[in-house]
Structure formats: C-alpha cells, structure tokens
2 protein chains.
Amino acid sequence: MTDINFSRGPATPDSQAASGTTPGPRAGELRWDIIELLFFAYRDFVGDADQELEAFGFGRAHHRVMHFVYRYPGLKVADLLDVLRITKQSLGRVLKQLLDEDYIIQKTGNNDRRQRLLYATPKGEALVAKLAGLQTDRITRALRDVNPEGVAAISQFLRAMIDRDDPDKVLEAIFGTGTRKSKE
Amino acid sequence: MTDINFSRGPATPDSQAASGTTPGPRAGELRWDIIELLFFAYRDFVGDADQELEAFGFGRAHHRVMHFVYRYPGLKVADLLDVLRITKQSLGRVLKQLLDEDYIIQKTGNNDRRQRLLYATPKGEALVAKLAGLQTDRITRALRDVNPEGVAAISQFLRAMIDRDDPDKVLEAIFGTGTRKSKE
DNA sequence: AAATTTATGTCAGTCATGTTGACATATCTT
DNA sequence: AAGATATGTCAACATGACTGACATAAATTT
C-alpha cells in the first residue's frame, strides 16, 4: 500500500555499487553513492550519542565541547572556537552549563593569566567515555570485516576529506603538521 | 605566542595513526581516531554546500530535501519524512519555500490521489547538481590515491555504519534490500 | 607609564531548524 | 457510512547558531 514507483530517473547508473569491488563512476560523474553514504553514516553515527545526551539534558553542542576538552586537556577557549567554528557567544552558553554542572573546569594559564585552560572533570570524563564507547561500538562493527589495508584506506580517505588550509590546534595534533611544540 | 601545552593527557596511545598501514587500537580501546576524523571530514564535506546555499538564501535543510527529491523522483512526502527523520511541520516549512520558488513540483499520485509526488524542476536539478559537483570534487580528491580495493573498503565501511533496522525507501534503494517493486 | 591589543565574558536581539499538540481536508479502505 | 491514511497548517516552544555592542583583566607595544 505505501508504495511508490522508484524510478531513479536522474540518478546516474552508479547504482550497482553494492557488489564486492565496485568500479567507481566514470570520470567526470558525480559520486552520489559516497555523498549519500556519508549522509546516512554520519546521521546514525551521531545518533548514538544523541540518545544518551538527552538523558543528561545536553545536546550535540555539549558533546562536542566535552569531547575536545577531554581529548586535548588544557585547550583554551580560543582553540575551542577554532575547532568548533562557532562564535564565542554560542560556545559561552554551553560552556557555562558544563562549568556550572561540573563536567569541565577552568584553570588560569600559567604564562598568560588571561587564558582559561579547560579540563574535563571525572564526571565529564565519564560521560565522554560513555559516548565514545557507543560510537566505537558502531565503528568496530563496521570495521569487523575490513582488512588492515582497508582500514588504512578508510583512514586515508577521511583525512583527505578534511580541509588543511588554516588548520586549528586539534587538526595540527591529528595530522602532526609542522609547527608543533612537540612534547614528551 | 598563541601557544598551548598540548599534553594529550587522557588521549590513549593511538596517536601514531598517521603512517601507512596503521595498526588499530588494541581490542576494547576507543576509536578516537575515527570518531574525530568523521567529525572533521563531515564538517568540511557539508561546508562545501553551505557556502553555495547561502547565495540562494537556503540552508542545509533545503539541500537535503532537494537532493533526495532529485535523486529519487516521485518521492512522497511521507518517504521524505522517513529519510530525513524530521516532523512534517519542519519539512513543511522548507518544502513550501522550495515549491514557491519553483525548485520542486508536486504531482498528484496516479493510484492514490492523496499522495503528492515530488519532482525537481530544471531549476532544482541545476542547484542539486552544482552542490553535488562541489562535494564530488572533494571526494574525488580524497580518493585520488586510493586503489580500487581501498575504495571498496571505504564503501563497505560507510554502509556498515548505517542502521539497517526499519530502513526507509531510499535506504532500500541504496542497499537493494528485499521488497523493492523493481522496474525497468 | 600610557596606550593598545588580546583573551575572555556577557547582554540583547535575530534566524534556522528542529520539536509537540491540535485540527482540517481530501481520499482511500473496510 | 465509518474509519484510516496522506497531507497541510496554525500556534507555541527549544536549541544552537548568528551579529553587534560593550566590559574587564592582563599582556604587549610605544
């Protein structure tokens, strides 16, 4: 009854992309396949965390802040703004809640006392780890039948999808590009 | 001057994931690497379209609607609701604009005259193709140095990241799962 | 020492996009 | 004829973005 004639009109013939080693579309054609897979994959990927967050009265914005603060301890407010690419007013709102509810703490910078270095509290760490666990489960499941070369290709692909002009502190850490102050 | 001590405290030692064939984290560890790569990759991926859309006074919501209507001509409103996972009130707002501005047209269903089948107009097709072109450029760039097996792994990974319980019409089309009415 | 710049915070208003709940209409199914 | 379904719409609200203006403290420059 709920039926529709799925004509796939303008969709170009890259529809056979389901079998083993799929030939990509011919040169110059659009990657509708990857475009749509990215949409659905990301939707379900963030969906894992969304559900958990609801129970805490938090949203995706809180997750992103907590995630990067936990992963890169001592991140400055300005660094976070670069990473998240939002305005300080937007960040201020969620950061205030996370500070008030003791998921994150601020420490005044040693060298520059204007800076507020951010750190996750144990409470914050626990939540981030829980959310990362859910997402890791999905990733692990998705990688189960992929060999090491395949995993390398996936990692390379995702890296190559990221803009590298004007990289922020976190991207520099991920890519290890040039001017890092190194460390231990 | 704008410097920070990037201690990478809690970050587990999967930090060497830059070299060729990267060993994944040990069993039970979290995939911080993929989690963060997905975040940045998707951010920049949708960023391509965002810029273009601004010039048209549209947002991501409009893009998603136009994309799926173009790709799956004759999509019903209910199908679109399933795919986008939003309420009809939310969809109604953007759909109304796209209809008013002649990017999409409605045709009454043949069998069921209650249905409004959606189709992209030439104007709509042009915009969708333009946006897909931008995103395809990024994808093509990212796949440039990936061999066919690698591309297959990437495709398999993205597919496996998607929830398959209660798949909508579009997902059924993408995965070719079971009850399709087939045709031509 | 004074002036300027930087890092951060905050107030106020707006916009895009999501939500719930209620209800209307046309059409199909029973 | 009654009920279910597909769609549309009104109203109110929440979240998370935005711009613009302004305040404070601390560092840097002159």
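The analysis underlying the following values was restricted to heavy atoms, covering all of them including side chains, and did not include hydrogens, waters or symmetry mates. We name chains A, B, ... by the order of the sequence lines, and we start the count at 1 in each one.
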Return the value, rounded to whole Å, for the distance between atom [atom1] of [X] and atom [atom2] of [N].
X	N	atom1	atom2	answer
B:His63	C:dG18	NE2	P	14 Å
B:Leu95	C:dG18	CG	C1'	16 Å
B:Asp82	D:dT7	CG	P	10 Å
B:Arg60	D:dT15	CZ	C1'	15 Å
A:Lys96	D:dG16	NZ	P	16 Å
B:Leu91	D:dC10	CG	P	15 Å
B:Gln51	D:dC18	CD	P	14 Å
B:Leu80	C:dG18	CG	C1'	15 Å

Kindly say if [X] contacts the phosphate of [N], meaning a side-chain N or O under 4.0 Å from OP1 or OP2.
X	N	value
B:Ser90	C:dT17	no
B:His62	C:dT17	yes
B:Arg113	C:dT27	yes
B:Thr87	C:dG18	no
A:Arg85	D:dG16	no

Under the side chain to side chain contact (heavy atoms under 4.5 Å, CB included) test, residues paired with A:Arg60 that sit two or more places apart: A:Val46, A:Asp50, A:Arg64
Polar contact flag, side-chain donor to acceptor under 3.5 angstrom, A:Glu36-B:His67: yes
Sugar-phosphate, base or nothing in reach of A:Gly92, heavy atoms under 4.0 Å: nothing
Touch class at under 4.0 angstrom, heavy-atom based, for B:Asp50 against every strand present: nothing
A:Leu99 or A:Arg114, whichever maps to the more 5' nucleotide of DNA chain C: A:Arg114
Nearest-nucleotide 5' precedence on DNA chain D, A:Ala61 against B:Gln89: B:Gln89
Nearest-nucleotide comparison on DNA chain D, the residue closer to the 5′ end among A:Phe58 and A:Lys88: A:Phe58
Candidates C:dT17, C:dG9, D:dG8 - which lies nearest the side chain of A:Arg116: C:dG9
Minimum-distance nucleotide to A:Asp112 side chain [options: C:dT17, C:dA7, C:dC28]: C:dA7
Validation row, ring centre B:Phe58 to ring centre B:Tyr103 under 6.0 Å: yes
Over 12 non-hydrogen atoms of neighbours within 6.0 angstrom of NZ in A:Lys123: yes
Sole candidate of B:Tyr72, B:Phe68, B:Tyr70 that passes ring pair (Phe, Tyr, Trp, His ring centres under 6.0 Å) when paired with A:Trp32: B:Tyr70
Base D:dA17 paired with A:Arg93 side chain (donor-acceptor, <3.5 Å): yes
Donor-acceptor pair (no angle test) under 3.5 Å: A:Gln106 side chain, C:dG9 base: no
Whether B:Thr136 side chain and A:Arg31 backbone form a donor-acceptor pair below 3.5 Å: yes
